[in-house]
There are 2 protein chains.
Amino acid sequence: MTFVPLTTQPQEIEQKSFEIIAQELGEHPFTPEQFPVVQRVIHASADFELGRSLVFTPDAVEAGIQAIRAGKPIVADVQMVEAGISRPRLEKFGDGSVHCFISDPDVAEEAKKLNTTRAIVATRKAARFYDGAIWAIGNAPTALLELIRLVEAGEAKPGLIVGVPVGFVSAAESKELLSKLEGVPFITNLGRKGGSPVAVSIVNALSLLAVKE
Amino acid sequence: MTFVPLTTQPQEIEQKSFEIIAQELGEHPFTPEQFPVVQRVIHASADFELGRSLVFTPDAVEAGIQAIRAGKPIVADVQMVEAGISRPRLEKFGDGSVHCFISDPDVAEEAKKLNTTRAIVATRKAARFYDGAIWAIGNAPTALLELIRLVEAGEAKPGLIVGVPVGFVSAAESKELLSKLEGVPFITNLGRKGGSPVAVSIVNALSLLAVKE
């Protein structure tokens with residue numbers, strides 16, 4: 001076997017990828033502000049259909065940039081999202097903290113007692129602490145449903161909701177509900193697809209914009 | 001807004017999802033042994049095309065189960081993979097350790113010195129320690145390319161390679177090369193798609209099989 005001449009230069013790899021994405025995506029409905037976010041989602045998923053399914057409120061990208069510049073924390077629904085979010089850029093503006101409560105012993109205990117998901121209990125816990133945070137929900141539809149309920153009840157005040165859970169039960173429905181939510185900036189996508197790398201790539205795209213502009 | 005009656009029962013959600021997947025997937029080329037792995041990948045991605053693109057060596061599922069039962073460690077290419085792999089089932093057979101070297105300071109330093117990716121240097125480091133391990137590569141094509149090179153040079157002896165990196169540059173090529181590798185069991189998929197949740201869901205499916213059978 002001979003090796004094909006594959007590049008091993010990290011920056012070259014990223015630059016080439018972005019060129020291919022821009023080329024293959026062709027016409028699209030996104031604003032110049034939204035495009036870098038869409039591009040990074042496609043980069044993380046190699047899925048143009050998923051990229052095209054993204055939905056933004058008009059103020060979403062700016063709200064994300066401002067939340068990061070104000071040093072607001074990130075709330076992640078699952079540990080994979082927590083692990084993927086790049087810290088160094090966040091730390092330029094605050095303590096760069098990313099919170100994920102889903103594996104806390106008190107959350108597991110409460111979920112068992114209430115016969116509900118740990119994601120729901122973790123969402124209630126985070127809502128008590130982090131006004132103005134960016135919520136990054138990539139996995140658990142029940143986390144997103146609970147966050148929407150808390151927002152409507154005036155019990156949660158996110159700076160931006162990144163709601164892109166994946167799956168066959170409740171995921172598409174939860175994002176459909178989010179897409180109708182008023183008064184809070186959000187980024188979501190329609191359909192079953194989504195996932196932790198999508199949530200992560202959106203937050204990382206926003207922190208890149210926060211640093212650059 | 002009224003809430004649609006969405007379930008919040010974790011086991012009910014999973015069971016319903018698996019029913020939908022089996023129904024919608026219809027005919028497929030996978031063996032009964034491989035099917036639970038495919039099902040879990042589709043569950044994690046909501047992507048039937050991705051599920052159908054999976055490729056197994058005939059001994060791959062059994063090799064994965066045996067490696068887990070022998071308490072062999074998991075090597076992850078990135079922290080998102082490390083974060084997603086479920087530990088409790090692994091801990092029934094060993095210390096449940098999942099290793100990821102990509103953020104080690106010595107790896108970063110060496111990569112800079114060699115003008116190469118941290119993923120390549122991290123792969124070399126892990127290969128020195130973990131004979132018989134399950135390698136879970138969900139993100140970095142260069143990690144998979146380096147692992148293939150090390151296997152061919154006799155310098156790495158994986159128990160199973162789960163090689164499903166995602167992306168536009170080198171990902172598809174690295175998986176094409178893996179699909180031709182001889183002498184090592186592997187699970188991969190063809191094309192650009194893949195990602196951390198795919199690698200994670202494959203390893204978690206294998207540990208479920210290791211516990212059940």
Side-chain angles (χ1 to χ4, degrees), chain A residues 1 3-4 6-10 12-14 16-21 24 42-47 50 78-84 111 114-120 138-139 141-142 145-146 148-149 152 166-174 176-177 180-181 191-197 200, chain B residues 1 3-4 6-10 12-21 24 42-47 50 78-84 111 115-120 138-139 141-142 145-146 148-149 152 166-174 176-177 180-181 191-197 200:
Chain A
M1 191 189 80
F3 259 87
V4 290
L6 297 167
T7 178
T8 52
Q9 305 302 315
E12 201 184 314
I13 291 172
E14 188 165 296
K16 257 197 181 171
S17 302
F18 278 79
E19 280 167 22
I20 295 171
I21 293 166
E24 291 191 25
I42 297 173
H43 180 246
S45 62
D47 192 335
L50 177 55
V78 292
Q79 263 119 359
M80 280 185 74
V81 171
E82 186 187 17
L114 299 175
N115 192 26
T116 188
T117 69
R118 290 185 298 149
I120 287 180
N139 197 276
T142 59
L145 288 168
E146 182 64 11
I148 293 169
R149 193 187 69 76
E152 293 190 323
V166 59
F168 292 90
V169 174
S170 308
E173 293 86 342
S174 69
E176 185 76 34
L177 284 178
K180 290 167 188 155
L181 186 65
R192 289 168 167 176
K193 288 181 182 177
S196 302
V200 165
Chain B
M1 190 189 81
F3 259 90
V4 290
L6 297 169
T7 180
T8 54
Q9 305 302 314
E12 203 183 311
I13 293 172
E14 187 164 298
Q15 199 193 315
K16 258 197 180 170
S17 302
F18 278 79
E19 280 167 21
I20 296 170
I21 293 166
E24 291 190 26
I42 297 173
H43 180 248
S45 62
D47 193 336
L50 177 55
V78 292
Q79 263 119 359
M80 283 187 72
V81 171
E82 186 186 16
N115 192 25
T116 188
T117 70
R118 291 186 297 148
I120 287 179
N139 198 275
T142 57
L145 289 169
E146 182 64 10
I148 294 169
R149 194 187 68 77
E152 293 190 322
V166 60
F168 292 90
V169 175
S170 309
E173 293 85 342
S174 70
E176 185 75 35
L177 283 178
K180 289 169 188 153
L181 187 65
R192 290 167 168 175
K193 288 183 182 176
S196 302
V200 165

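Every chain is numbered from 1 and lettered A, B, ... according to where its sequence line falls, protein lines coming before strand lines. The basis for the numbers below is simple: all heavy atoms, side chains too, and nothing from hydrogens, waters or symmetry mates.
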What part of A111(A) is in contact with chain B, defined as an atom under 4.5 angstrom from a non-hydrogen atom: side chain, backbone, both or neither?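 Neither part; nothing is under 4.5 Å.
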
Using non-hydrogen atoms and a 4.5 Å limit, figure out which bit of V78(A) sits close to chain B: side chain, backbone, both or neither.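 Neither part.
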
Could you tell me which non-hydrogen atom of [X] sits nearest to which non-hydrogen atom of [Y], and how far apart they are?
X: R192(B); Y: E24(A); value: NH2-OE2, 2.7 Å
X: M80(A); Y: P197(B); value: CE-N, 3.8 Å
X: A46(B); Y: K193(A); value: O-CG, 3.8 Å

Please flag which part of [X] lies under 4.5 Å from any non-hydrogen atom of chain A: side chain, backbone, both or neither.
X: L50(B); value: neither
X: E14(B); value: neither
X: S45(B); value: backbone

Taking salt bridge (charged side-chain N to carboxylate O under 4.0 Å, His left out) as the definition, give me every residue that meets it alongside E19(A), ordered by chain and number, with sequence neighbours left out.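 Residues passing salt bridge (charged side-chain N to carboxylate O under 4.0 Å, His left out) with E19(A): none at all.
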
Could you have a look at N139(B), I42(B), V81(B) and say which one has the most heavy-atom pairs with chain A under 4.5 angstrom?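 Of the options given, most contacts go to I42(B).
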
What's the spacing between H43(B) NE2 and F168(A) CZ if we round to 0.5 Å?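 Here the rounded value is 8.0 Å.
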
All side chain to side chain donor-acceptor pair (under 3.5 Å) counterparts of E82(B), not counting sequence neighbours: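 For E82(B) there are no side chain to side chain donor-acceptor pair (under 3.5 Å) partners, ignoring immediate neighbours.
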
Show the numbers, then the answer: is there a side chain to side chain contact (heavy atoms under 4.5 Å, CB included) between I20(B) and V169(A)? CA-CA 9 Å; I20(B) 296 170; V169(A) 174; 4.3 Å; yes

